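Every chain is numbered from 1, with letters handed out A, B, ... down the list of sequences. These numbers were taken from a predicted model, which means no experiment stands behind them.
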Number of protein chains: 2
Amino acid sequence: MQELRQFKADIFQALAHPTRIAVVELLRDGEMSAGQLIERLGVEQANGSQHLAVLRAKQVVVNRREGNQVFYSLRDPVLVEVLDILKRYFLEQLKGTRTMIEEMEAEGESPAVAKARR
Amino acid sequence: MQELRQFKADIFQALAHPTRIAVVELLRDGEMSAGQLIERLGVEQANGSQHLAVLRAKQVVVNRREGNQVFYSLRDPVLVEVLDILKRYFLEQLKGTRTMIEEMEAEGESPAVAKARR
DNA sequence: TTAGTATATTCGATTGTTATTATACACGGC
DNA sequence: GCCGTGTATAATAACAATCGAATATACTAA
């Protein structure tokens, strides 16, 4: 059980950076070379390569060399499911925020607002 | 889109620690007081409270005070889904590892073994 | 008010993560 | 062999996360 939690924590940590999330999203529909990825990400070459190294270390992606280039792909597309779930979660949270904002606007400064601010 | 990725990264980071994953799992079936949580986690009081603060800051959990105690619960149980998906993912990965080990045992020291060690 | 219990926060030491710069490695063509 | 292109790896510096110890806060009961 402890091992499983460590494993989950490692996966979460692998994805705990916007650039690496972007990589997973870019690989959603198939493989892509390191160069293409880095160009799409709009980051420095070394930086992009380091992020790919993190994803490799945590086995989130796999790669294959073809001549000069290295192609990356998702090891298991189940992670895309996770991202999709989080998108729904994000939208839920936004709804909550919107409700909160509306309450603030409707009520002005009030206990509800103070509570929401915490 | 960038904002959504940052949001996802924040959630992942909130869960990128075995203790905090344990908290989410403990809250799976309902709320629990900070004290109960910390006891079950088997961590120092201050440390547990700090981890709860992280989960609060990222809105993963919410809390309510009742007298002397503070009860925590999951803000959105959808995160449990994510953990369940990762369990399946973990088992998949284990299957791969087992296959790898079997190959190693069957073939002895060989190029395939060297490759698997990387 | 004082004491006791439950929880949170602050501080400081340690360790981990990130971006940048520079350098190394791997491959193909010549 | 040498060059060019694509990719990975040090090395550093700035910053963030973690933990334990001590302290602070919130509440209850007496």
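- Following rounding to the nearest Å, B:L41 (CG) and C:dT7 (P) show an atom-to-atom distance of 13 Å.
- Heavy atoms of B:F71 sit nowhere under 4.0 angstrom from any nucleic acid atom.
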- Item | side-chain contact (heavy atoms from CB on, under 4.5 Å) evaluation trace for B:L79 with A:L86 | CA-CA 8 Å; B:L79 292 182; A:L86 283 190; 4.0 Å; yes

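- A salt bridge does not link B:D76 with A:R88: none of the charged nitrogens is closer than 4.0 Å to a carboxylate oxygen.
- In this structure, B:A34 reaches the sugar-phosphate backbone alone: every heavy-atom distance under 4.0 Å involves primed, P, OP1 or OP2 atoms, never a base.
- Contact annotation: B:R20 side-chain N/O to D:dA17 OP1/OP2 distance is not under 4.0 Å.
- Side-chain atoms of B:R5 do not come within 3.5 Å of backbone N or O of B:F7 as any donor-acceptor pair.
- The shortest side-chain heavy-atom distance between B:F12 and A:L83 falls under the 4.5 Å cut-off.
- A donor and an acceptor atom sit less than 3.5 Å apart, one in the side chain of A:N68 and one in the base of D:dT5.
- The phosphate of C:dT17 (OP1 or OP2) has no side-chain N or O of A:H51 nearer than 4.0 angstrom.
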Report all interatomic pairs (protein N or O, nucleotide N or O of nucleotides 11-15 of chain D) with separations under 3.5 Å.
none

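- Inter-residue side-chain proximity for B:L41 and B:L26 is flagged as met; some heavy-atom pair is nearer than 4.5 Å.
- With hydrogens and angles disregarded, no donor-acceptor distance shorter than 3.5 Å links the side chain of B:R20 to the backbone of A:A9.
- A salt bridge between A:K8 and B:E25 is present, with a side-chain N of the basic residue lying under 4.0 Å from a carboxylate O of the acidic one.
- Between the side chain of B:Q13 and the base of D:dA17, no donor-acceptor pair under 3.5 Å is found.
- Between B:Y72 and C:dA6, a side-chain N or O to OP1/OP2 separation shorter than 4.0 Å is absent.
- Mapped onto DNA chain C by nearest heavy atom, A:A46 and A:E66 fall at different nucleotides, with A:A46 at the one closer to the 5' end.
- Note on B:R65: every side-chain N or O is 4.0 Å or more away from OP1 and OP2 of C:dA6.
- Taking 3.5 Å as the limit, the base of D:dA8 and the side chain of A:Q45 contain a donor-acceptor pair of atoms between them.
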